[in-house]
> 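One structure, pasted below without further comment.
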Amino acid sequence: MIKKGNLYYPSKDFQKKAIINNPSIYKKAERNPVKFWEDLAKELFWFKKWKKGFVHNPPYFEWFKGGKINITSNIFENNPLGFDKIKNKAALIWEPEPIEERPRILTYYELFREVNRLANGLKDLGVKKGDRVGIYLPMIPEAIISMLACARIGAVHAVVFSAFSPHALQVRLQDTQAKVLITADGYYRRGKIIDLKKNADRGTKNTKVKKVIVVNRTDDKAYPVKWNKGKDIWYEDLTKNQKDYCKPEIMDSEDIFFILYTSGSTGKPKGCIHTCGGYTVQAKFTAKWIFDLKQDDIFWSTADLGWVTGHTYSCYGPLLNGTTFIMFEGAPNWPVPDRWGQIIEKYGVTTFYTAPTAIRMFQKYGTDLLKKYKFETLQILGSVGEPIDEAAWKWYFKEIGKNKCPLVDTWWQTETGGILITCLPGIGPFKPSFTGLPFPGIKFEILNKKGEKCKTGEHGNLIMLPPFCPGLLRGVYKNPKKYLDTYWKEYGKEIYFTSDGALKDKNGLIRIIGRIDDVIKVAGHRVTTGELESAITKLHFITECAVIGIPDEIRGEIPVVFIISKNKIKDIEKQVISQIRKEIGPIALPKKIYSVSDLPKTRSGKIMRRILKKLFSKEPLGDLSTLANPETVEQIKKVIIDK
Ligand code: PRX
């Protein structure tokens, strides 16, 4: 890498070999973004070409209107790379959590057959195009097979993170009205076997799920699986006698491809709708250009399939590019803190894509642990999900990338389907704590509250202008009002509001400051104060509650909870914690819980979380004149100090 001032550029050698290395691509795309995306789309296989590239009826829009496509045809038999060229190469290398267990490697051809068998199995169960299928699986190959099998037959998958609670699963299954759920008997996590089937049984109560397909992951090692006759079916039994070819369903470009839930500004998660054509185009080319994917690469995105990063870069993006990728079942620091380093070396990973939380965790273990690693195969590093601070950026760049790998910080959202802000590895520049430039063809601006463009260095709201990106969400499932209110209200129906604060430097590089709504990013995962508060106030003895996000050294942000209870309750903290576990899952567990007698409020009764944040971090409180109950400030201060 070449350093010029505070900017880093790829070496001449890297640049020469990179897929995209000429900055003129930005100008070309800017001149006609629709044509830019259409030219890329032409490289894919379409059953029928689209009639119109982009159609805009604000706040709705369509991409590749009239086009017919199936993502699995583009991964397998009609892969533009030529299926014969890739069919016998490894598609995925699965590394199980138990070190003594053997990895599993699936070639493109093997994966193709597995996908077809399950697709035929799903059809036997009556699943048709447009039906919703829930997927509640750990990081095992069957999770990818399940997603692809749904895609093959045009069923809409809704993947639910396996560490989510039964309640979180149930809410999603109820909202999608899924008929079928695919799950596993259990899975390994930090040496323990988690009883996933039990959670799935609870989560399918009071839903429309008629059939539960169960993958045998643990072979009854920890407990016998409770079987619901007539409802449960082993994955193995469903697929073993199926034909290994299933005709791909011809999907309209704008048919729903998948629904993925994410936390919004209220208690209820939002089902982001992604469609077939636009998502496929964006997934393929963002993966190819940003990770410079070539045929001999070994790509490792550590994201779980339960999140959007898992969908686009731990599954569809690498597959569409005929890339070999790693899928890891466990935690990166289990059973040894450098398990992730072992995996990079073992498989010769060339691109490593992870989250700042993981980077900070690796950093905390110290560099002694890394002495034995040269990481010679690594060529590109990536970061995603939350702002990466300068110290973590520099550590990652030096200790893992050995000062030679471009470090692509990538900004995007569940809503955008794929990466939208980053610098391309063959072009740069890379600047610590700055995410980079909008991807070619994408128009971002930073606006102040009045809708005026911010000056260089000035904080404002990050927005996206038409024609947006092909993979942007098309709606919130069964909730058009939420779609309108969340994304198209702040600046009108033609400006996509990201809910992120940002600034630009003099080079046009964008720095993401963080969410401006009440979303907390815990270890890169989206949790809202609203959903936590509504989970906690379900406890009958809690009358009021406020949640704030505070900075955390490792996890980026972490919730802190303030509660008011009717009377003194024994073990109140334990009860709050188990309630959060039950309603949301372990990712949202708070750092501290404070029992208080009142909360700071405005005269209209709105809780001033801003003040709670300042009280917690012992910052000056500023103007308190809008408070209806200023006396609470001193009381809460005391509670915080006493604890
Ligand atoms: O606040 C931004 C932050 O994550 C939010 C989107 O979260 P989610 O939908 O869970 O998707 C995460 C993975 C794509 C954004 O609104 N965010 C994401 N990437 C970055 C980031 N913040 C700073 N830098 C990033 N690279």
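All values below come from the heavy atoms of this structure, side chains included, with hydrogens, waters and symmetry mates left out. Just follow the structure's listing: the first ligand is 1, and inside any ligand the first atom is 1.
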> Closest non-hydrogen protein atom to atom 13 (C) of ligand 1, residue and atom name please, with distance?
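Going atom by atom, the protein heavy atom closest to atom 13 (C) of ligand 1 ends up being T309 OG1, 3.4 Å.
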
> Between K591 and D552, does any NZ, NE, NH1 or NH2 come within less than 4.0 Å of an OD or OE carboxylate oxygen?
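Looking at K591 together with D552, the answer is yes, because their closest N to O distance falls below 4.0 Å.
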
> Is ligand 1 under 4.0 Å from a heavy atom in the side chain of I512, in the backbone, in both, or in neither?
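Looking at I512 and ligand 1, just side chain atoms fall under 4.0 Å.
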
> Parallel, tilted or perpendicular: which describes the rings of F161 and F164, with under 30° parallel and over 60° perpendicular?
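Plane angle over 60°, so perpendicular.
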
> Which residue pairs satisfy the side chain to side chain donor-acceptor pair (under 3.5 Å) criterion with at least one member in residues 453-466, sequence neighbours excluded?
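Counting only pairs at least two positions apart or across chains, the side chain to side chain donor-acceptor pair (under 3.5 Å) contacts touching residues 453-466 are N461-Y491.
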
> Take every heavy atom of P387, measure it against each atom of ligand 1, and state whether any distance is under 4.0 Å.
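Yes, P387 has heavy atoms under 4.0 Å from ligand 1.
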
> For the residue pair T357 and E386, confirm or rule out a side-chain donor-acceptor distance under 3.5 Å.
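Yes, side-chain donor-acceptor contact under 3.5 Å.
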
> Around atom 3 (C) of ligand 1, find the nearest protein heavy atom and jot down its residue, atom name and distance.
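Of the protein heavy atoms, G385 O, 3.4 Å lies nearest.
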
> May I ask you to decide if the ring planes of F61 and F468 are parallel, tilted or perpendicular, using 30° and 60° as cut-offs?
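Ring orientation of F61 relative to F468: tilted.
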
> Going by an N to O cut-off under 4.0 Å, is there a salt bridge joining R526 and E415?
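A salt bridge links R526 with E415.
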
> So if I count the atoms of ligand 1 from 1 in the order they appear, which ones are less than 4.0 Å from some heavy atom of T410?
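The list of qualifying atoms is 19 (N), 20 (C), 25 (C), 26 (N).
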
> With only distance considered, is T262 within less than 3.5 Å of ligand 1 through an N or O on each side?
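No, since none of the N or O atoms of T262 sits under 3.5 Å from an N or O of ligand 1.
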
> Report yes or no: do T286 and Y313 form a side-chain donor-acceptor pair below 3.5 Å?
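Short answer, yes.
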
> For atom 2 (C) of ligand 1, what's the nearest protein heavy atom and its distance?
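Residue, atom and distance for the closest contact: D500 OD2, 3.0 Å.
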
> Given that the side chain starts at C-beta and the backbone is N, CA, C, O, which of these parts of E386 lies under 4.0 Å from ligand 1, counting heavy atoms, or is it both or neither?
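The backbone, only.
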
> Among all the protein's non-hydrogen atoms, which is closest to atom 4 (O) of ligand 1, and how far away is it?
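Checked against all protein heavy atoms, atom 4 (O) of ligand 1 sits closest to K521 NZ, 2.8 Å.
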
> Counting from 1, what ligand 1 atoms have a heavy atom of D409 closer than 4.0 Å?
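Contacts of ligand 1 toward D409, numbered from 1: 25 (C), 26 (N).
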
